[in-house]
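Because the structure is predicted, anything quoted here is derived from the model rather than measured.
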Amino acid sequence: MASYPFAEIENKWQKYWAEHNVYAVKEDISKPKYYVLDMFPYPSGAGLHIGHPEGYTATDIIARYKTLRGFNVLHPMGFDAFGLPTERYSMVTGIHPSIATETNIDNFKRQLNLLGLGYDWNRSVNTTEPSYYKWTQWMFLKIYNSWYDENLQKSRPISDLPIPDEITNATEIEAYKDACRLAYTANIPVNWCEELGTVLANEEVDEWKEKGYTVERRPMRQWMIRITKYADRLLNDLELVEWPVSTKEMQKHWIGKSEGAEISFTIDDTHSVHVFTTRPDTVFGATYLVLAPEHPLVDVITIDAQKKAVEEYRISASMKSDLERTELSKEKTGVNTGAFAINPATEQPIQIWIADYVLAHYGTGAIMAVPGHDERDHAFATQFSLPIIQVVKPLDDGSIDVQAQAYTEYAISMASDNPNTVSFSGLPTEKAKKKCIEWLEQSGIGHGRIQFRLRDWLFSRQRYWGEPIPIVYYEDGTKRTLEYDELPLTLPEVKEYKPAGTGESPLATVDAWIKWHDPKTGKVGRLETNTMPQWAGSCWYYLRYMDPHNPDTFCDTNKEQYWSGKNENSGAIDLYVGGAEHAVLHLLYARFWHKVLFDHGLVSTKEPFAKLFHQGLILGEDGRKMSKSLGNVVNPDDIVKQYGADSLRLFEMFMGPLEAAKPWSSKGVEGVNRFLNRAWRLIADEDGKLLSSVKKGHHDSPEIEFVLHSTIKKVGEDIESLSFNTSISQMMILVNEFTACEIRSHESMSAFIRILSPFAPHICEELWQILGNEHSITKADWPEYNPDKLQQSTVEIVLQVNSKIRSRAIVPSDADEDALKDIALNDEVIKKHLEGLTIRKSIIVPGKLVNFIAN
RNA sequence: GCAGGAGUGGCGAAAUGGCAGACGCGCUGGACUCAAAAUCCAGUGGACCUUAAAUCCGUGUGGGUUCGAGUCCCACCUCCUGCACCA
């Protein structure tokens with residue numbers, strides 16, 4: 001028996017959908033909205049891999065299901081097309097990145113259409129289109145022209161910034177504003193490779209180091225975004241969204257809120273070191289200080305005899321990447337500066353060291369070392385024979401040896417008394433902390449402080465293929481942002497896509513860019529040569545889908561409100577599906593961006609993504625990650641050719657839970673293909689005509705009706721919970737049952753095809769037509785199940801003696817406890833097992849079991 | 001090390017505290033066929049047993065709660081994912 005003609009059918013319906021614009025989306029306030037979104041793909045030259053259809057099919061099923069249920073569904077697709085791989089391709093081939101991007105996008109679209117995904121391509125976006133990045137630039141300027149009002153806890157226009165009275169001259173006012181802007185420039189260490197004459201992205205560093213190049217950390221002027229101002233809101237608003245616990249945890253950890261104190265340690269009359277600690281209660285145990293090698297005080301305080309050693313250490317530290325710094329420092333390294341500071345609690349002098357286990361960018365870049373109660377400090381103190389003293393003892397007064405091992409528990413302070421300063425021996429850690437902070441604040445030595453692990457966002461890239469930053473610098477030292485009517489600032493043509501060799505982007509080699517004739521001022525200026533990172537365009541694309549062609553605004557307010565659902569304390573997008581690899585950065589940046597827009601009244605919700613789901617990885621047939629070198633890569637095009645898109649879609653959904661990592665199975669695809677063939681044969685004959693055994697008005701047996709209605713119920717519920725694998729199992733049961741029927745009712749087949757259609761849209765369109773329907777199945781209604789049909793007259797229960805199953809009985813489903821007990825007591829097998837025993841207790845669960853406890 | 005998640009047949013997996021293994025793959029047998037493929041039907045956790053019935057064992061390990069635990073609690077082991085000197 002031949003397979004159903006999937007190739008012909010899929011081709012036919014894909015054409016039909018395109019020609020009839022079946023998936024066109026319009027705002028329709030008469031209907032409830034549902035916004036389901038896939039994470040923005042990067043259109044790589046390699047095309048779709050087998051993992052793409054997984055998430056895309058899942059959202060497509062949801063979108064089709066919600067549509068049948070009467071929702072107005074937005075399920076768009078577009079391309080995050082700026083980025084390094086394309087730029088590298090252009091460096092090698094000389095082909096303009098926009099050409100390469102276009103080719104790749106066309107190929108992606110072709111492949112996506114082959115899968116039967118119901119996108120309205122008219123709503124597609126592409127971050128590299130000037131009409132799109134115009135708004136990315138506009139939003140960047142919104143951020144640039146904002147400051148964070150700590151009192152109101154929100155961003156406000158820079159024009160509202162109160163300027164302190166003492167600042168009067170124009171240059172100083174400008175400098176003050178610049179210091180408050182949410183986007184600012186700073187000298188930040190980047191990965192600089194002298195031989196390549198370029199800055200490398202973190203992910204490139206290892207690759208080039210392997211090839212023998214040296215990469216060092218060198219400070220360079222970079223654009224930064226003050227995402228740290230939003231740390232608290234990014235943390236707290238996680239409560240508003242329904243996300244996987246693991247992802248929320250990862251974001252919380254990334255933001256990393258710690259409460260503690262900043263304490264000043266005096267060196268001499270003019271210098272002091274500020275440290276951040278989460279354990280101010282252990283200040284009496286601080287026996288030395290450690291500065292990060294990059295700490296600015298190092299130059300000032302190092303004594304002459306140590307200068308050489310300190311300088312050598314600093315150079316070697318700068319040559320290490322962050323990774324090496326942590327890897328190599330299983331054994332702690334460091335150098336004594338020879339300087340001393342006074343411990344403000346004990347009033348005793350303590351040594352000041354530098355060590356690369358102290359990070360320059362966290363806290364104050366300096367720590368008070370408490371080796372008795374911190375493992376890292378303990379390791380360092382042991383290494384360099386520094387004093388270790390105990391200032392915390394266990395709650396139970398048990399004995400511990402801090403010389404051997406740091407004691408890090410929260411317990412009871414001890415040996416923490418100085419009549420001249422402060423005393424808190426005997427206090428539990430929390431109280432000791434509080435008392436210490438009170439003392440620090442009263443005496444002006446320090447204060448309580450909340451520290452975040454989150455760092456400001458490094459926003460500039462020294463690359464060509466990214467959004468230009470629309471700011472111009474004049475020779476007289478002034479600068480201005482481009483105005484609305486000057487956007488977009490489009491990328492100029494360049495001869496070479498290679499970096500300039502100075503650490504600047506290729507734009508620095510373009511005369512028209514660095515000697516830009518400003519039509520507004522008549523001056524000549526240098527346009528910013530840095531471009532934005534790839535994250536920028538993906539921070540707001542979901543908003544553009546709501547109104548993709550609007551030339552006057554990034555998204556019309558009414559449309560934004562309709563598609564966002566107007567619930568301030570929720571997310572705009574009902575369901576967001578994508579890989580867990582974006583659990584931190586993309587999602588954090590997009591949330592931040594959204595919150596800035598929210599503060600400016602440009603969007604109506606606090607969060608972008610109400611519900612988030614990560615699809616699991618599809619592994620090779622051998623259970624390992626798919627990779628070219630392992631030769632276990634499965635190409636979706638091949639599967640579509642061999643079994644059809646419907647089989648591919650169905651199999652990816654059937655493999656297992658959507659969130660789980662699952663190995664591919666070529667036999668498994670055959671299995672679902674077989675299922676589709678069986679479904680086909682329930683309705684159509686070899687010539688694709690309606691079978692005469694499918695009869696209108698035929699009454700299926702109650703058993704068959706039970707299967708049909710429980711399937712309708714289960715499939716609906718399972719789609720809502722994204723349990724596609726079990727809904728497919730249930731439909732397989734249905735097909736198996738109907739296969740055994742000689743006559744099948746037309747109505748049942750019609751219901752079945754509609755619930756299968758979100759999963760396998762092509763074959764269902766065809767069968768829908770064979771069943772005599774004129775319009776596309778996408779315009780049909782989801783069938784309702786009839787609860788009456790789910791009532792069965794009898795049910796099988798188990799009969800137990802002492803909790804062991806001894807027998808079974810078919811009983812009326814409405815039998816009450818007494819009746820069930822009677823039935824059980826009269827069961828021959830149960831009688832035998834109860835012989836000679838006394839029933840102590842009977843447990844009767846109607847519809848399930850009867851259990852006699854007897855001895 | 002820290003955080004999150006997962007361990008169930010030969011394999012992918014399913015099970016509101018109530019019949020473990022639905023559904024699919026694979027395998028075995030049968031029907032159809034000259035034959036094969038495809039299709040259809042039946043069987044398929046393990047032990048004991050010629051077979052069947054019956055019985056017993058069985059959800060990573062060890063405890064516990066419960067009439068009853070894959071499911072809840074405690075401890076541990078293994079694997080995956082992320083973070084990792086963040087003071």
Side-chain angles (χ1 to χ4, degrees), chain A residues 1-3 244-250 252-254 256-258 260-261 275-280 282 286 290 322-323 325-327 329-330 332 355-359 361-370 373-377 379-380 408 451-455 580-581 583-584 614 616-617 621 623 650-651 654-657 659-672 674-675 677-678 681 723 725-736 739-740 796-808 829 840-845 847-854:
Chain A
M1 212 171 289
S3 168
V245 208
S246 58
T247 306
K248 282 193 185 186
E249 284 304 312
M250 280 160 72
K252 280 181 194 166
H253 180 245
W254 194 261
K257 185 176 185 173
S258 322
V275 305
F276 172 72
T277 176
T278 53
R279 293 293 300 271
T282 61
V290 189
D322 282 353
L323 195 76
R325 255 165 97 144
T326 54
E327 261 181 12
S329 51
K330 295 215 166 79
K332 299 249 180 301
D356 65 5
Y357 83 90
V358 174
L359 307 174
H361 54 73
Y362 184 79
T364 59
I367 60 150
M368 63 175 205
V370 185
H373 305 284
D374 181 283
E375 279 165 22
R376 297 152 300 182
D377 298 342
F380 190 82
T408 58
Q451 175 68 39
F452 291 95
R453 205 185 83 104
L454 181 69
R455 293 154 71 178
E581 66 273 19
V584 178
H614 300 303
L617 218 58
E621 198 137 20
L650 208 59
F651 179 61
F654 183 64
M655 291 167 79
E659 68 275 20
K662 314 160 273 265
W664 181 259
S665 158
S666 43
K667 285 288 181 189
V669 196
E670 287 180 27
V672 293
R674 217 160 3 225
F675 160 70
N677 272 310
R678 285 161 68 86
R681 288 196 299 267
S723 310
N725 54 334
T726 48
S727 46
I728 295 167
S729 295
Q730 183 61 38
M731 289 190 282
M732 286 174 167
I733 293 172
L734 179 142
V735 167
N736 291 344
T739 298
E796 192 185 51
I797 63 166
V798 294
L799 308 179
Q800 300 179 323
V801 175
N802 288 331
S803 303
K804 290 203 172 171
I805 297 158
R806 297 300 180 186
S807 184
R808 291 154 208 280
V829 183
R840 302 287 175 200
K841 193 174 172 186
S842 309
I843 292 143
I844 299 158
V845 184
K848 298 272 188 200
L849 58 81
V850 176
N851 183 10
F852 296 115
I853 308 304

Task: Rounded C1' spacing from B/rG60 to B/rA38 in Å - done: 42 Å
Task: Interatomic spacing from OG in A/Ser842 to CD in A/Gln800 - rounded to 0.5 Å - done: 12.0 Å
Task: Nearest-Å distance once atom C1' is located in both B/rC56 and B/rC48 - done: 8 Å
- [ ] Answer yes or no: does a side-chain N or O of A/Arg678 lie under 4.0 Å from OP1 or OP2 of B/rC40?
- [x] yes
- [ ] Nearest whole angstrom, please: distance from the P of B/rG17 to the CG of A/Leu849.
- [x] 15 Å
TODO: Drop me the distance from A/Arg808's CZ to A/Leu799's CG, to the nearest 0.5 angstrom.
DONE: 9.0 Å
- [ ] Just label B/rG45 as syn or anti from its O4'-C1'-N9-C4 or O4'-C1'-N1-C2 angle, using within 90° of 0 for syn.
- [x] anti
TODO: Return the value, rounded to whole Å, for the distance between atom CG of A/Leu617 and atom C1' of B/rG82.
DONE: 14 Å
Open item on the list: Could you tell me if the side chain of A/Arg674 sits less than 4.5 Å from the side chain of A/Asn677, heavy atoms only?
Closed with: no
- [ ] Any chance you could measure A/Gln451, atom CD, to A/Thr364, atom OG1, to the nearest 0.5 Å?
- [x] 8.0 Å
Task: Length of the CD1-P vector between A/Ile728 and B/rA22, whole Å - done: 18 Å
Open item on the list: Using a heavy-atom cut-off of 4.0 Å across all strands, would you classify A/Glu796 as base, sugar-phosphate, or nothing?
Closed with: base
Task: Closest to the A/Asn736 side chain, choosing from B/rC23, B/rA3, B/rC67 - done: B/rC23
Open item on the list: Quick check for you: among B/rC83, B/rC67, B/rC19, whose closest atom lies nearest to any side-chain atom of A/His253?
Closed with: B/rC83
Open item on the list: Please pick, from B/rG26, B/rG82, B/rA87, the nucleotide with the shortest atom-to-atom distance to any side-chain atom of A/Lys667.
Closed with: B/rG26
TODO: Rounded to whole angstrom, note down the P distance from B/rU50 over to B/rC11.
DONE: 29 Å
- [ ] Could you check whether A/Asn677 gets within reach of a base, just the sugar-phosphate, or nothing at all, counting any heavy atom under 4.0 Å?
- [x] nothing
Open item on the list: Say we look at B/rA20 and B/rA69: how far apart would their C1' atoms be, to the nearest angstrom?
Closed with: 11 Å
TODO: Take atom C1' in B/rU59 and the same atom in B/rG46, then report the distance between them in whole Å.
DONE: 13 Å
TODO: Between A/Thr247 and A/Met368, name the one whose nearest nucleotide on RNA chain B is closer to the 5' end.
DONE: A/Thr247
Task: Closest heavy-atom pair and its distance - A/Glu621, A/Ser666 - done: OE2-N, 2.9 Å
Task: B/rA37: pairing nucleotide in any strand, Watson-Crick or G-U under 3.5 angstrom - done: none
Task: Spacing of A/Leu650 atom CG relative to B/rG12 atom P, expressed in whole Å - done: 20 Å
TODO: Report yes or no: do A/Thr408 and A/Glu375 form a side-chain donor-acceptor pair below 3.5 Å?
DONE: no
Identify each atom pair where a protein N or O and an N or O of nucleotides 13-16 of chain B are less than 3.5 Å apart, giving names and distance.
unit_1: B/rA14; atom_1: OP1; unit_2: A/Asn725; atom_2: ND2; d: 2.9

Open item on the list: Need to verify one output field. Residue with the more 5' nearest nucleotide on RNA chain B, A/Lys257 or A/Asn802?
Closed with: A/Asn802
TODO: Check the distance between B/rG82's P and A/Trp254's CH2 and give it to me in whole angstrom.
DONE: 13 Å
- [ ] May I have the distance from A/Glu249 (atom CD) to B/rG4 (atom C1'), rounded to whole angstrom?
- [x] 7 Å
Open item on the list: Regarding A/Ile733, tell me which of base, sugar-phosphate or nothing describes its non-hydrogen contacts under 4.0 Å with the strands shown.
Closed with: sugar-phosphate
- [ ] Pick base, sugar-phosphate or nothing for A/Asn851, based on heavy-atom distances below 4.0 Å to the nucleic acid.
- [x] base
- [ ] Could you grab the distance from atom CD1 of A/Ile797 to atom CD1 of A/Ile805, nearest 0.5 Å is fine?
- [x] 11.5 Å
TODO: Would you check if there is a donor-acceptor pair between the side chains of A/His361 and A/Arg455 at a distance under 3.5 Å?
DONE: yes
Open item on the list: Under 4.0 Å, counting only non-hydrogen atoms across every strand here, what does A/Ser258 touch: a base, just sugar-phosphate, or nothing?
Closed with: sugar-phosphate
Task: Below 4.0 Å: OP1/OP2 of B/rA3 and any side-chain N or O of A/Arg453 - done: no
- [ ] Sticking with atom C1', work out how far B/rA13 lies from B/rG70, rounded to a whole angstrom.
- [x] 14 Å
Task: Distance in angstrom units between A/Lys804 NZ and B/rU55 C1', rounded - done: 10 Å
- [ ] Classify the ring geometry between A/Tyr357 and A/Phe380 as parallel (under 30°), tilted (30 to 60°) or perpendicular (over 60°).
- [x] tilted
Task: B/rG4 - base-pair partner by Watson-Crick or wobble geometry, distances under 3.5 Å - done: B/rC80
Open item on the list: As a test of reading the structure: which of B/rG5, B/rC67, B/rA87 is closest to the side chain of A/Lys841, going by heavy atoms?
Closed with: B/rC67
TODO: Go through B/rC40, B/rA22, B/rC25 for me and flag the one nearest to the A/Ser729 side chain.
DONE: B/rA22
Open item on the list: Under 4.0 Å, heavy atoms only, any strand: does A/Gly363 hit a base, just the sugar-phosphate, or nothing?
Closed with: nothing
Open item on the list: Under 4.0 Å, heavy atoms only, any strand: does A/Ile843 hit a base, just the sugar-phosphate, or nothing?
Closed with: base
Open item on the list: In this structure, how many angstroms lie between the P atom of B/rC83 and the NZ atom of A/Lys252, rounded?
Closed with: 18 Å
Open item on the list: Using OP1 and OP2 only, check whether a side-chain N or O of A/Tyr357 sits under 4.0 Å from B/rA87.
Closed with: no
TODO: Indicate, with a heavy-atom threshold strictly under 4.0 Å, whether A/Gln800 touches base, sugar-phosphate, or nothing.
DONE: base
- [ ] First locate atom CG of A/Asp356, then atom NZ of A/Lys332, and finally report the distance between them rounded to the nearest 0.5 Å.
- [x] 9.0 Å
TODO: Tell me what A/Ile805 touches on the nucleic acid: a base, only sugar-phosphate, or nothing, going by heavy atoms under 4.0 Å.
DONE: sugar-phosphate
Open item on the list: Taking only side-chain N and O atoms of A/Arg681, does any of them lie within less than 4.0 angstrom of OP1 or OP2 on B/rC40?
Closed with: yes
Open item on the list: Strictly by Watson-Crick or wobble contacts shorter than 3.5 Å, is anything paired with B/rG43, and which nucleotide is it?
Closed with: B/rC27
Task: Atom C1', compared across B/rG5 and B/rU55: separation rounded to whole Å - done: 40 Å
Open item on the list: Looking at every heavy atom in both A/Asp377 and A/Asp374, which two are closest together, and how far apart are they?
Closed with: N-OD1, 3.0 Å
Task: side-chain N/O A/Arg674 vs B/rG26 OP1/OP2, d < 4.0 Å - done: yes
Open item on the list: Going by purine N1 to pyrimidine N3 plus the second Watson-Crick contact, or the G-U wobble pair, all under 3.5 Å, which nucleotide sits opposite B/rG70?
Closed with: none
Open item on the list: Taking B/rG9 as the reference, what is the distance to B/rG43 when you measure between their C1' atoms (whole Å, please)?
Closed with: 15 Å
